[in-house]
Amino acid sequence: MEDILRFKDVWVQINNLTILENINLSVQKSDFLGIIGPNGGGKTILLKVALGFIKPTRGEVFFKGQSPEKNRKYMGYVPQYPNFDRDFPISVWEVVLTGRLGKTGLIKPIKKRDKEIVSEMLEKVDMLNLKDRQVGKLSGGQFQRVLIARALAAEPEILLLDEPTTGIDSRVEKNLYELLKKLNEKIPIIMVSHDIGVISSYVNKIACLNRLLHYHSTKEITKDMLEATYKCPVELIAHGLPHRVLNKHTEESR
Amino acid sequence: MLEALQYEFIRNALLTGLLASIACGIVGSFVVVKRIVFISGGISHSAYGGIGLGYFLGMNPILGAILFSLAGALTIGAVSKKAGQREDSLIGVMWAIGMALGVVFIGLTPGYVADLFSYLFGSILAVPNTDIYIMLVLDVIIVILVLLLFKGLLALCFDEEFAALVCPSKILYLVLLCLIALTVVTLIRVVGVILVIAMLTIPASISIQFTSSLKKMMLMSVLLGIFFSTLGLWISYTFDIASGATIILVSGISYILSLCFKPLNKFRHGQN
């Protein structure tokens with residue numbers, strides 16, 4: 001199958017610090033790839049390299065066979081729960097409409113089709129009833145869903161999400177993952193998370209990132225994988241479904 | 001005030017206030033929501049170099065101001081986005097160089113420069129007709145550009161990173177800085193280089209507390225700007241005090257008062 005997104009021997013160095021080392025990764029159409037790893041392991045940087053915001057120091061990235069900057073408007077991006085200005089005078093509807101900009105063009109007026117798509121995406125994330133609300137008056141989970149609707153409004157061919165469940169309660173989180181799973185029937189998804197547990201029950205491929213990428217084409221997380229990534233003893237506890245990770249250091253220090 | 005309307009300089013002053021308020025209400029709203037007040041300060045002070053150059057070359061200082069503020073905007077825009085630059089230091093340096101160049105050029109100009117202070121602190125009561133025409137043209141350019149690019153500018157101000165995915169955000173950012181540069185020029189006649197920042201940000205800072213859409217915020221800012229400049233003009237005319245400073249004091253006191261009303265406004269929203 002053709003790769004939608006491909007990292008070829010990618011290195012990223014910032015201020016002489018190696019953030020990503022020799023990353024090789026290919027993402028195909030049916031993938032729902034979960035990337036886990038410790039904070040500071042380069043997860044966000046990896047997404048930004050995929051989006052073309054950060055150029056690799058060495059190696060190449062291809063999206064639809066070209067450099068990501070050229071085809072950026074075909075990418076959907078949901079940033080890590082951002083510190084937006086709560087006072088910003090913008091409504092839910094207007095935020096999602098900015099997602100259409102790549103398709104409509106900068107100067108051309110908004111068409112009926114744009115409005116239909118914005119409605120459809122808001123419906124999908126169950127936010128249509130709050131479309132006129134100012135974003136500052138939303139809860140964390142509602143805001144996160146608006147950002148997903150914005151990314152989807154661009155009719156992307158791939159969806160990149162950075163810690164989409166930060167600040168969201170577990171019920172909303174479950175709905176969110178169900179939504180992503182449904183979206184994955186049409187487009188590939190890459191999701192970055194430090195939440196090892198829940199991620200493994202929804203994704204179909206998983207990779208561990210801590211400067212180096214340990215890529216596995218299954219969704220099984222093994223003890224060895226985690227220890228290689230987190231560089232410390234990690235315990236897997238299976239409660240039937242999600243895995244939990246306990247850090248041995250803290251156990252011993254008690 | 002009504003009998004004062006028979007004087008051309010008063011009519012010009014009111015018209016100047018109106019034209020400046022349109023520009024600063026619209027562009028000032030972008031400045032406030034994008035939090036680039038300090039950048040706008042750098043741009044406005046670099047305009048002073050152009051005023052000096054205008055005197056030195058014997059041309060209209062306002063044209064020099066347009067040239068310098070645009071150059072300042074493009075320099076800040078081009079350099080600030082480069083990784084590893086200390087943006088705030090750069091702006092501070094531009095700020096100082098602009099003022100210093102202005103002083104040097106004016107010093108080199110033979111003879112006594114009478115209305116040097118008018119560009120520093122404004123001279124709304126002595127605006128020549130040519131400057132009103134220039135302001136009118138600048139207003140038309142600003143309004144047309146904002147109408148055309150509104151969607152993109154809104155996306156850029158709300159989330160610059162996402163905007164980069166869907167539109168040429170780097171160019172849009174430069175356009176926004178140039179809009180600020182042109183707005184600064186329209187304000188120089190009203191309140192002067194030093195007080196430009198206040199006039200640019202105060203109406204928008206009041207409006208943002210009471211509005212939930214950028215368009216409404218702009219409209220309210222324009223109306224507030226007109227109100228402040230007219231009221232300030234009337235007070236300065238009646239009590240014979242400096243007009244630019246009076247306009248700023250009226251605006252500043254209103255801003256402080258608006259902060260007192262803000263909790264009330266938020267409380268009302270909470271109940272809905």
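Numbers restart at 1 for each chain; the letters A, B, ... are given by sequence-line order, proteins then strands.
- For the pair A/Glu178 and A/Lys182, the salt-bridge criterion is not met [side-chain N within less than 4.0 Å of a carboxylate O].
- Looking at A/Gln134 and A/Ser91, their side chains never bring a donor and an acceptor atom within 3.5 Å of each other.
- For A/Asn129, the CG atom counts as densely surrounded, since its 6.0 Å shell holds more than 12 non-hydrogen atoms of other residues, nucleotides or ligands.
- Taking CZ of B/Phe210 as the start and CE of B/Met217 as the end, the distance is 12.0 Å to the nearest 0.5 Å.
- For CG of B/Leu223, the number of neighbouring non-hydrogen atoms (other residues, nucleotides, ligands) closer than 6.0 Å is greater than 12.
- Between chain B and the residues A/Arg133, A/Lys73, A/Arg72, the largest count of heavy-atom pairs under 4.5 Å involves A/Arg72.
- A 6.0 Å sphere centred on CD of A/Gln13 holds more than 12 heavy atoms belonging to other residues, nucleotides or ligands.
- Once rounded to the nearest 0.5 Å, the distance linking CG of B/Leu138 with CD1 of B/Ile66 reads 4.5 Å.
- Contact annotation for residues 45-71 of chain A against chain B (heavy-atom separation below 4.5 Å, listed by residue number): A/Lys48, A/Leu51, A/Phe53.
- B/Asp139 pairs by the salt bridge (charged side-chain N to carboxylate O under 4.0 Å, His left out) definition with nothing, not counting sequence neighbours.
- Looking at B/Leu172, only its side chain comes within 4.5 Å of chain A, counting heavy atoms on both sides.
- Of the listed residues (B/Cys157, B/Ala163, B/Pro168), the greatest number of heavy-atom pairs within a distance under 4.5 Å of chain A belongs to B/Cys157.
- Residue B/Thr230 holds its OG1 atom at 8.0 Å from CG of B/Leu18, rounded to the nearest 0.5 Å.
- Checked against salt bridge (charged side-chain N to carboxylate O under 4.0 Å, His left out), A/Glu21 has the following partners two or more places apart in sequence or in another chain: A/Arg211.
- Heavy-atom proximity under 4.5 angstrom to chain B picks out A/Glu94, A/Val95, A/Thr98, A/Gly99, A/Leu101, A/Gly102, A/Thr104, A/Gly105, A/Leu106, A/Ile107, A/Lys108, A/Pro109, A/Ile110 from residues 92-111 of chain A.
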Checklist entry - For A/Phe88 and B/Phe158, what are the C-alpha separation, side-chain angles and deciding distance, and is it a ring pair (Phe, Tyr, Trp, His ring centres under 6.0 Å)? => result CA-CA 7 Å; A/Phe88 202 106; B/Phe158 179 64; 5.3 Å; yes
